[in-house]
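Notes for the one structure printed next.
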2 protein chains.
Amino acid sequence: MSSSQEKFNAFIREKGLRLTSQRTVIARLALNRETHFTADDLLAWSREKDKGISRATVYRTLSLLTDLGLLESLDFGDGRLCYEPAEGRNHHDHIVCLHCGSITEFHCNEIEELQCDVADRLGFRVDHHSLRIYGTCKDCSERTECNEQR
Amino acid sequence: MSSSQEKFNAFIREKGLRLTSQRTVIARLALNRETHFTADDLLAWSREKDKGISRATVYRTLSLLTDLGLLESLDFGDGRLCYEPAEGRNHHDHIVCLHCGSITEFHCNEIEELQCDVADRLGFRVDHHSLRIYGTCKDCSERTECNEQR
DNA sequence: ATCTAATTGAGACTAAATCTCAATTACGCC
DNA sequence: GGCGTAATTGAGATTTAGTCTCAATTAGAT
Ligand SMILES: [Mn+2]
Ligand SMILES: [Mn+2]
Ligand SMILES: [Zn+2]
Ligand SMILES: [Zn+2]
């Protein structure tokens, strides 16, 4: 069992909540993902393990996990949230290809620092931030160039 | 009439579209705003001028205006889009107070350049980006401190 | 004034997410 | 191992921003 699953279980116990089979299945699947996923993805995977799991329970467990900081929710502007494991991973931002939808992660310390500077200057205390760059990935650029050369 | 309204009218003519009274009302109200607004705000203002204006027409005109680049749409993650006039304004990003909801605009050239650097390094061509900082504004910080001192 | 294609308004529809509530279940206690 | 009870669940209703449909209206060319 991964350390984030153990944190989840400990949290459940601490708060006097109950460790149900549904929560166990859903949390395990969510916390061990490598890539971004949607609530609907998670519902489908969960139902492979237990047909009866409801959409509501998936959303309720996603809330628990994000409140706990074990998952992070991401809004890429396509009308639904994505999620990714947050535990033990470093903060990063995202660059999204408008053609193929691929999402690449990056981290830039200078940008992070400059954000703090800006916030300081404006008298804000920073809680978190969201930075997305939208554009065309290498593969899609090359594909487009080829088409243009026809 | 503002220059962005004239651009809108010219565009309508060019494309063989029709300059209806509804489009005129909605575009004037949208393009002369100083602050961020929602589709629903715009519907309410439009109906003050012409009771019959429909939700659908407001959304349709918002699409025209954003496609034209006269408006920009902004997603602050609260489940609906905001809009702001884009014509003749410089690009800027936003810092949002999680307590009072106030939105402050800022611009940081170094951040903009670093974003390009990052994209270059990853082989992306940049189309646009979205940077939001979320935190606590000066006023809300001071209010909280006072409460704590009680 | 006439014609016709673009536009409109009303309301149906969509889809993600939340809510409701009766039925089920985890778990502390014996 | 059973009991009691409060937390949890599933089914499906609801919400809400936004889109779609289509018959009726209208802008603008002739
Ligand atoms: Mn990520
Ligand atoms: Mn702005
Ligand atoms: Zn791509
Ligand atoms: Zn504030």
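Chain letters run A, B, ... following the sequence lines, proteins first and then strands; every chain starts at 1.
- Applying the side-chain hydrogen bond (donor to acceptor under 3.5 Å, both in side chains) definition to pairs two or more places apart or across chains, those involving residues 63-79 of chain B are B/Asp78-B/Arg80.
- Using modelled atom types and a 3.5 Å distance limit, the side chains of A/Ser2 and A/Gln5 yield a donor-acceptor pair.
- Grouping Ile, Leu, Val, Met, Phe, Trp and Tyr by side-chain contacts under 4.5 Å, direct or through others, puts A/Ile95 with A/Phe106, A/Ile111, A/Leu114, A/Val118, A/Leu122, A/Phe124, A/Val126, A/Leu131, A/Ile133, B/Ile95, B/Phe106, B/Ile111, B/Leu114, B/Val118, B/Leu122, B/Phe124, B/Val126, B/Leu131, B/Ile133.
- Within residues 10-36 of chain B, the residues having any heavy atom under 4.0 Å from DNA chain C are, by residue number, B/Leu17, B/Arg18, B/Thr20, B/Gln22, B/Arg23.
- To the nearest angstrom, C1' of C/dT25 lies 14 Å from CD1 of A/Ile53.
- Geometric assessment of B/Arg132 against the ring of B/Phe76 yields a positive cation-pi assignment under the 6.0 Å and 45° thresholds.
- In this structure a side-chain-to-backbone donor-acceptor pair under 3.5 Å is missing from A/Arg125 to B/Cys137.
- Straight-line distance from the CZ atom of A/Arg47 to the C1' atom of D/dA11: 10 Å, rounded to whole Å.
- Residue A/Asp67 contributes atom CG, which lies 15 Å from atom C1' of C/dT18 at whole-angstrom precision.
- Side-chain contact of A/Ser54 with A/Thr57: a donor-acceptor pair under 3.5 Å is present, judged by distance alone.
- Atom-to-atom distance recorded for B/Cys108:SG and B/Glu113:CD is 9.0 Å, nearest 0.5 angstrom.
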Measure all distances between protein nitrogen or oxygen atoms and nitrogen or oxygen atoms of nucleotides 16-23 of chain D, and list the pairs falling under 3.5 Å.
{"unit_1": "D/dG18", "atom_1": "OP1", "unit_2": "B/Leu81", "atom_2": "N", "d": "2.9"}
{"unit_1": "D/dG18", "atom_1": "OP2", "unit_2": "B/Tyr59", "atom_2": "OH", "d": "2.8"}

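- For the helix from C/dA1-D/dT30 to C/dC30-D/dG1, the angle separating the two terminal helix axes comes to 30°, with each axis derived from five pairs and the value rounded to 10°.
- Side chains of B/His91 and B/His128: no donor on one and acceptor on the other come within 3.5 Å.
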Return a table of donor-acceptor pairs under 3.5 angstrom between the side chains of residues 39-47 of chain B and protein atoms on other chains or two or more places apart.
{"unit_1": "B/Asp40", "atom_1": "OD1", "unit_2": "B/Arg55", "atom_2": "NH1", "d": "2.7"}
{"unit_1": "B/Asp41", "atom_1": "OD1", "unit_2": "B/Thr38", "atom_2": "OG1", "d": "3.4"}
{"unit_1": "B/Asp41", "atom_1": "OD2", "unit_2": "B/Thr38", "atom_2": "N", "d": "2.9"}
{"unit_1": "B/Asp41", "atom_1": "OD2", "unit_2": "B/Thr38", "atom_2": "OG1", "d": "3.2"}
{"unit_1": "B/Ser46", "atom_1": "OG", "unit_2": "B/Leu42", "atom_2": "O", "d": "2.7"}
{"unit_1": "B/Arg47", "atom_1": "NE", "unit_2": "B/Ile53", "atom_2": "O", "d": "2.8"}
{"unit_1": "B/Arg47", "atom_1": "NH2", "unit_2": "B/Ile53", "atom_2": "O", "d": "3.2"}

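- Taking 4.0 angstrom as the limit, A/Ser54 places none of its side-chain polar atoms (N or O) nearer than this to OP1 or OP2 of D/dA11.
- More than 12 heavy-atom neighbours from other residues, nucleotides or ligands sit within 6.0 angstrom of CG on A/Asn109.
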